[in-house]
Amino acid sequence: MDPREGLRLVLPDRAVDRDSTRHRRSRGALRGGRRTAAERPHQPTGAQRRDADLLRLARHDVAARGCPAHRYAGRCRADHRGADGVGVHRRPRDAHQSRSRRLMSAVRVRFCPSPTGNPHVGLVRTALFNWAFARHHGGAFVFRIEDTDAARDSEESYEQLLDSLRWLGLDWDEGPDIGGPFAPYRQSERREIYDDVVRRLLEAGEVYESFSSAEEIEARHRAAGRDPKLGYDNHDRELTRAQTDAFRTEGRLPVLRLRMPEDEWTWTDLVRGPVSFAAGTVPDFVVMRTNGEPLYPFVNPVDDALMGITHVLRGEDLLPSTPRQIALYAALRRIGIAAPTPSFGHLPMVRGDGNKKLSKRVPESSLSLYRERGFLPEGLLNYLALLGWAIADDRDVFSMAEMAAAFDIARVSSNPARFDLAKAAAINGSHIRLLLLEEFAARLTPYLQSAGLVSMPPTDAEAALVAGAAPLVAERVSVLSEAVDMMRFLFVAELVVDPAAAAKVLGPDAEPVLRAAVDALAALSTWDSAAIEGALKAALVDGLELKPRKAFAPVRVAVSGRTVSPPLYESMELLGRDRSMARLRAALSPPPV
RNA sequence: GGCCCCGUCGUCUAGCGGCCCAGGACGCCGCCCUCUCAAGGCGGUAGCGGGGGUUCGAAUCCCCUCGGGGCUACCA
């Protein structure tokens, strides 16, 4: 077979023409059906979230409500196909189709990180979009580990990856820990498969031995007056047996390269529409190293093919490698491996502070940082979803279940997006306020524990304090670590007063204020916020004729140690009479330094 | 250098030829509420990179240009 057969390689368009899709979509936007905050429950675990998603899909009644994904009412038919080529308006009875039909039409996407270092937020965004796509279509989300680089991969990173995804609640249907029909899901355990595929490709002439070193390639370019940085020149394609033998006797070992057809490469990208690469711009690429280890551009498509992946959603940085993947799929089919080419969708880059793509190097990209700061998984995920996707033109806080129901890959923006910590925190704050108070307390407790403020498990008294403070702090923080700082004064035996706050409001002027407060509070028969408020106002505002903000500042700092605190009266009630009085008295007579 | 992708408020986005002298969100500013800080409510600030076309009409379609980014490994 002549691998250079002159066919123009055009992917079968799974994707409906993007423009026509958009056109249809533009008619009659659905305006109703928005949910209020109270209607948006949170699913604390991945499993529960998954249930909710499935439930939602089952309830997805287009005729009655319009399609939330495409936002137009009443026009959808059951056979309507989305821009990704998959029926998105599934009716409940789809679930009762025969097993084989379901398998044939099922969406299968994958998330395939390599275990090198901390997962970063760009990676999480990719995982999220794949997850949402799978859940939206009722398909499978496959988790595969691409650990073909022994020098950089680590078991620790692998564990971190699993842990991170679990924490996020992005549940997978097949993966290294739970197995699945295409196991194993770690590429380091699939070497025999790759060896076998490579052998067959070699026998078929799809792949050939190449001995050229980088220096030799460059030298040839120079000699021919070409740009030396052009890359491999396909020089070794027609090496004779005698030539390869000669190299071997010199002790040189070959890499294996795939023969690329020299055609124009075109496909309809799920997020970008038609993309094409000019003929002759993609050289034969290395499939296997001299030491016999297969490389990413090979194992990735091979596993996608073998695992029946239907849609590849990945970062834009991988866009230039798509022609090679398409070529590999074609070669695989020629040697008899069933490998329908998947649809590709290239997600925009997530940028860091500059304009550069977010690198693993910069700490702000590390997922663990956001976890430590006290981001809620649903808050972080919600923000990340906004980097390239919008659920509606007038709303940006939503649950993952809502995202799964509404997600449409064709509506993903192709612009790169900058990660904005302030907005991420703001979105997270909205999610904190959406939590039930008990849930907020439960999520907060581990942070209080690792700050050493609450024991493990919490004592009854500590639990009561957390529960009592929850409503006070939940509405004033955007991340959980802020709540820890705000609640610290409730749990410490010895209050450390912030020096700046003390300097500001605990000067000589504060003495009469504090004294009056102590006297008034000491006379109280009941210790609750209403009584405290009454006493303080009577003594300070009415008695001393102070402006409220002047009156309460010294008391606040004396009790909480900070100028910023939860509401004063409630805080004092929670702190208790004894500790509150002790702190006021301590502020009155500061210990000599 | 070559190949490819992308350009709407500071940032993320809505926009798919008339609904747009461009809507939402974060940020910022102001007001209200108020014991601080928040939250919440109300109001404001700010944008179609530039130039040519096509069209009765362009943020939207085409071309050029400028700018930004990615890839260019026997990493993934």
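Chain letters run A, B, ... following the sequence lines, proteins first, then strands; residues in each count from 1.
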Sort and list the pairs that fulfil salt bridge (charged side-chain N to carboxylate O under 4.0 Å, His left out) and have at least one residue in residues 312-323 of chain A, not counting sequence neighbours. A:R272-A:E316, A:D317-A:K357

Can A:Y383 and A:D396 be counted as having a side-chain donor-acceptor contact under 3.5 angstrom? no

Residues at least two apart in sequence or cross-chain that pass salt bridge (Lys or Arg N to Asp or Glu O under 4.0 Å) with A:R549, listed by chain then number, are none

Do NZ/NE/NH1/NH2 and the carboxylate oxygens of A:K550 and A:D509 come within less than 4.0 Å? no

Residues A:D284, A:R259: salt bridge by 4.0 Å N-O rule: no

Any strand, both distances under 3.5 Å, Watson-Crick or G-U wobble: B:C19 pairs with none

Separation of B:G1 atom P from A:H221 atom NE2, nearest Å, is 17 Å

Send over the distance from A:L386 CG to B:G27 P, rounded to a whole Å. 13 Å

Send over the distance from A:F419 CZ to B:U13 C1', rounded to a whole Å. 16 Å

When rounded to whole Å, the CD to P distance for the pair A:E264 and B:C3 reads 13 Å

Where at least one partner belongs to residues 536-547 of chain A, residue pairs that pass salt bridge (charged side-chain N to carboxylate O under 4.0 Å, His left out), sequence neighbours excluded: A:E533-A:K537

Candidates B:G27, B:U13, B:C5 - which lies nearest the side chain of A:A426: B:G27

Please report the distance separating the C1' of B:G44 from the corresponding atom of B:C3, rounded so that it comes out in whole Å. 47 Å

P atom, B:C4 versus B:G40: distance in rounded Å? 47 Å

Taking B:U54 as the reference, what is the distance to B:C62 when you measure between their P atoms (whole Å, please)? 15 Å

Quote, to the nearest angstrom, the C1' distance that separates B:G27 from B:C9. 11 Å

Would you call the rings of A:F247 and A:F211 parallel, tilted or perpendicular, taking 30° and 60° as the class edges? parallel

Below 4.0 angstrom, N of the basic side chain to O of the carboxylate: do A:R190 and A:E146 qualify? no

Each nucleotide of nucleotides 65-75 of chain B classed B (base within 4.0 Å of a protein heavy atom), S (only sugar-phosphate) or -, in 5' to 3' order, makes ---SSBS--BB

What string of B, S and - do you get for nucleotides 29-48 of chain B, 5' to 3', when a contact is any protein heavy atom under 4.0 Å? ------BBBBS---------

Can you tell me how far P of B:U13 sits from CZ of A:F398, to the nearest Å? 12 Å

Across all strands, who's sitting opposite B:C31 as a Watson-Crick or G-U wobble pair, both distances under 3.5 Å? B:G41

Can you figure out which of B:C26, B:C12, B:A76 approaches the side chain of A:E146 most closely? B:A76

Residue pairs passing the salt bridge (charged side-chain N to carboxylate O under 4.0 Å, His left out) test where at least one lies in residues 148-158 of chain A, sequence neighbours excluded: A:D149-A:R152, A:E155-A:R186

Integer angstrom distance from the P of B:A46 to that of B:C29: 16 Å

Within this structure, what is the NZ-to-P distance between A:K423 and B:C28, rounded to whole angstrom? 14 Å

So which nucleotide does B:C75 pair with, by the Watson-Crick or G-U wobble rule with both distances under 3.5 Å? none

Just to be sure I understand the rule, does A:G388 reach a base, reach only the sugar-phosphate, or reach nothing, if contact means heavy atoms closer than 4.0 Å? sugar-phosphate

What do you reckon, is CG of A:D353 surrounded by more than 12 foreign heavy atoms closer than 6.0 Å? no

Does the distance from a Lys or Arg side-chain N to an Asp or Glu carboxylate O, for A:R488 and A:E482, drop under 4.0 Å? no

Say we look at B:G15 and B:G47: how far apart would their C1' atoms be, to the nearest angstrom? 13 Å

Where the side chain of A:R411 is defined as all heavy atoms beyond and including C-beta, which of B:C3, B:G15, B:U11 is the nearest nucleotide? B:G15

How would you label the contact of A:A551 with the nucleic acid (heavy atoms, under 4.0 Å): base, sugar-phosphate, or nothing? nothing

Identify whether any heavy atom of A:N415 sits under 4.0 Å from a base atom; if not, whether one sits that close to sugar-phosphate; answer base, sugar-phosphate or nothing. sugar-phosphate

Between B:A76 atom C1' and A:D153 atom CG, what is the distance in whole Å? 9 Å

Distance, P atom - from B:C63 to B:A22, rounded to whole angstrom: 28 Å

Taking B:C31 as the reference, what is the distance to B:U45 when you measure between their C1' atoms (whole Å, please)? 15 Å

